[in-house]
Amino acid sequence: MLHQLPSLAAATALLFAVSSTANAETTLRASHQFPGGQGDVRDEMVQLMAKEVEAAGVDLKIQVYPGQSLFKAQEQWPALVRGRLDMTSLPLDYASGRHPEFSATLMPGLVRSHERAQRLNDSEFMDMIKKVINDAGARVLADAWLAGGFASNVRCVTSPDTVKGQTMRAAGPAFDEMLATAGASIASMPSSEIYTAMQTGVLDGANTSSGSFISYRIYEQVSCLTAPGDNALWFMYEPILISEQSWSRLSEEQQKALTEAGQKAEEYFAGEAASLDQELVDVYKENGVEVVTMTPENYQAWLDIAQKSSYKTFAENVPNGQALIDAALAVE
């Protein structure tokens with residue numbers, strides 16, 4: 001019995017299916033822990049990149065999963081470097097357990113101002129950090145340094161003695177050690193858990209970025225905010241990253257579009273960073289929270305403690321630790 005040849009319609013449908021598969025759009029999954037669509041600048045950076053690459057017309061799309069809807073905060077780095085996640089907006093110090101060098105990106109007093117953060121982006125210090133990122137299997141698409149401060153429902157955090165007896169969340173090993181040396185108890189958690197921890201009495205206070213203080217509505221749980229001001233002890237590097245495995249699968253056109261989108265996101269953030277600190281002050285005052293800033297004397301007292309604790313430990317125990325500190329301090 002002869003086999004029937006496929007009909008013209010069936011052959012056409014098969015050809016269309018093969019052609020559609022060959023020209024299928026590439027979708028990158030981008031995960032982050034921050035609230036989506038609520039004005040958090042880190043979410044807005046990723047969303048901006050998604051719009052830019054779609055407009056570039058290179059068959060590339062970014063699907064954004066905010067608010068830990070795809071991966072939990074602490075799961076994002078390992079998922080990224082193993083190729084299970086394409087992109088993330090990540091507080092880099094969250095990965096310092098695997099790469100202790102990353103603690104330099106949340107070292108007390110190392111940045112101090114948004115202007116200096118911008119200069120650090122083009123420094124030997126950042127070249128050293130990015131080499132660790134690259135060697136681990138990821139690359140930076142957009143730089144972002146967020147200022148931050150302290151908040152407490154016990155007392156305002158100004159001089160080091162004000163944290164004695166308080167249980168604090170500090171975000172990374174360097175701040176943990178500095179605060180513990182000053183007499184605080186430490187409870188470690190991502191910023192997304194601060195609100196509940198303060199609500200349930202696990203925490204008395206916390207430090208985190210201006211963005212997180214606003215988007216996680218921490219003003220509902222505290223009586224005093226120590227805003228960044230002119231003496232910002234707390235600055236954290238929170239870049240947008242892509243897995244090297246995901247990057248290598250993109251065409252040159254797609255890589256170019258993604259790189260250009262990352263640059264636009266970085267420029268957008270640079271324009272928003274300082275105003276975000278003022279928004280923090282305004283929002284907290286509007287909600288009846290006392291707002292203070294550190295004096296130069298407060299700042300120096302904290303820095304003295306940090307240099308005897310966090311800086312010393314980092315220099316002694318982390319590969320290239322002293323070299324990283326020296327490279328950062330060399331930036332005027």
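Along the sequence shown, the residues carry numbers beginning at 1. These values consider heavy atoms only, across backbone and side chains, with no hydrogens, waters or symmetry-generated copies.
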In Å, rounded to the nearest 0.5 Å, how long is the span from [atom1] of [X] to [atom2] of [Y]?
| X | Y | atom1 | atom2 | result |
| --- | --- | --- | --- | --- |
| Glu177 | Ser309 | CD | OG | 5.0 Å |
| Asp43 | His32 | CG | NE2 | 3.5 Å |
| Asp176 | Leu106 | CG | CG | 9.0 Å |
| Glu238 | Thr88 | CD | OG1 | 10.5 Å |
| Thr295 | Asn231 | OG1 | CG | 7.0 Å |
| Ile218 | Gln221 | CD1 | CD | 9.5 Å |

Hydrophobic cluster membership, with links at side-chain heavy-atom distances under 4.5 Å among I/L/V/M/F/W/Y: are [X] and [Y] in one?
| X | Y | result |
| --- | --- | --- |
| Ile305 | Leu303 | yes |
| Leu146 | Leu225 | yes |
| Tyr195 | Val289 | no |
| Met198 | Val283 | yes |
| Val318 | Trp77 | yes |

Answer yes or no: is there an ion pair linking Glu252 with Lys256, defined by an N-O contact shorter than 4.0 Å?
no
Is [X] reaching over with its side chain to a backbone N or O of [Y], donor-acceptor style, under 3.5 angstrom?
| X | Y | result |
| --- | --- | --- |
| Tyr299 | Gly109 | yes |
| Arg116 | Leu110 | yes |
| Thr313 | Ser310 | no |
| Gln254 | Asp59 | yes |
| Asn134 | Ala138 | yes |

Would a 4.5 Å heavy-atom cut-off, applied to side chains only, mark [X] and [Y] as touching?
| X | Y | value |
| --- | --- | --- |
| Leu324 | Met107 | no |
| Val46 | Met49 | no |
| Asp86 | Ile62 | no |
| Phe34 | Ser192 | no |
| Val157 | Trp302 | yes |
| Val202 | Glu193 | no |
| Ile240 | Met45 | yes |
| Pro91 | Met236 | yes |

Between Tyr216 and Ile194, is the side-chain contact (heavy atoms from CB on, under 4.5 Å) condition met? List the steps.
CA-CA 8 Å; Tyr216 291 125; Ile194 293 173; over 6 Å; no
For the residue pair [X] and [Y], confirm or rule out a side-chain donor-acceptor distance under 3.5 Å.
| X | Y | value |
| --- | --- | --- |
| Ser210 | Asp277 | yes |
| Ser31 | Gln76 | yes |
| Asn207 | Arg169 | no |
| Asp143 | Tyr237 | yes |
| Gln33 | Tyr94 | yes |
| Arg249 | Thr26 | no |

Which pairs with one or both residues in residues 106-143 pass ring-ring contact (aromatic ring centres under 6.0 Å, His included), sequence neighbours excluded?
His114-Phe235
If I compare all heavy atoms of [X] with all of [Y], which pair ends up nearest, and what's the gap?
| X | Y | answer |
| --- | --- | --- |
| Ala261 | Val53 | CB-CG1, 3.8 Å |
| Phe314 | Gly321 | CE2-O, 3.4 Å |
| Ile129 | Leu92 | CG2-CD2, 3.8 Å |
| Ala117 | Val111 | CB-CG1, 3.7 Å |
| Val222 | Asn153 | CA-CB, 4.1 Å |
| Ser96 | Ser103 | CB-OG, 3.4 Å |

Aromatic ring pairing Tyr284/Tyr219, orientation class (parallel under 30°, perpendicular over 60°, tilted between):
perpendicular
When the ring planes of Phe175 and Phe150 are compared, do they come out parallel, tilted or perpendicular, using 30° and 60° as the limits?
tilted
Could you walk me through whether Arg42 and Ser212 pass the side-chain hydrogen bond (donor to acceptor under 3.5 Å, both in side chains) test, one step at a time?
CA-CA 10 Å; Arg42 293 154 296 191; Ser212 291; 2.9 Å; yes
May I have the step-by-step check of salt bridge (charged side-chain N to carboxylate O under 4.0 Å, His left out) for Lys131 and Asp135, ending in yes or no?
CA-CA 6 Å; Lys131 185 180 187 306; Asp135 289 348; 2.7 Å; yes
Mind checking side-chain hydrogen bond (donor to acceptor under 3.5 Å, both in side chains) for Arg139 and listing every partner two or more places apart, or none if nothing turns up?
Glu244
Do other residues, nucleotides or ligands put more than 12 heavy atoms under 6.0 Å from the [atom1] atom of [X]?
| X | atom1 | value |
| --- | --- | --- |
| Glu253 | CD | no |
| Lys264 | NZ | no |
| Arg119 | CZ | yes |
| Glu124 | CD | no |
| Asn121 | CG | yes |
| Arg155 | CZ | yes |

Donor-acceptor list for residues 160-168 side chains, cut-off 3.5 Å, not counting sequence neighbours:
from: Asp161; atom 1: OD1; to: Ser159; atom 2: OG; distance (Å): 2.4
from: Thr162; atom 1: OG1; to: Thr158; atom 2: N; distance (Å): 3.0
from: Thr162; atom 1: OG1; to: Ser159; atom 2: O; distance (Å): 2.5
from: Gln166; atom 1: OE1; to: Ser152; atom 2: OG; distance (Å): 2.6
from: Gln166; atom 1: NE2; to: Thr162; atom 2: O; distance (Å): 2.9

Could you check Trp145 against Thr105 for side-chain contact (heavy atoms from CB on, under 4.5 Å), going step by step and ending with a plain yes or no?
CA-CA 9 Å; Trp145 288 90; Thr105 64; 4.2 Å; yes
Given the rule in the side-chain contact (heavy atoms from CB on, under 4.5 Å) test, do Trp247 and Leu141 qualify, once you have shown the distances and angles that lead to the verdict?
CA-CA 11 Å; Trp247 174 264; Leu141 294 173; 4.1 Å; yes
Candidate pair Glu25 and Lys61, rule salt bridge (charged side-chain N to carboxylate O under 4.0 Å, His left out), full reasoning:
CA-CA 7 Å; Glu25 185 177 63; Lys61 180 180 179 181; 5.1 Å; no
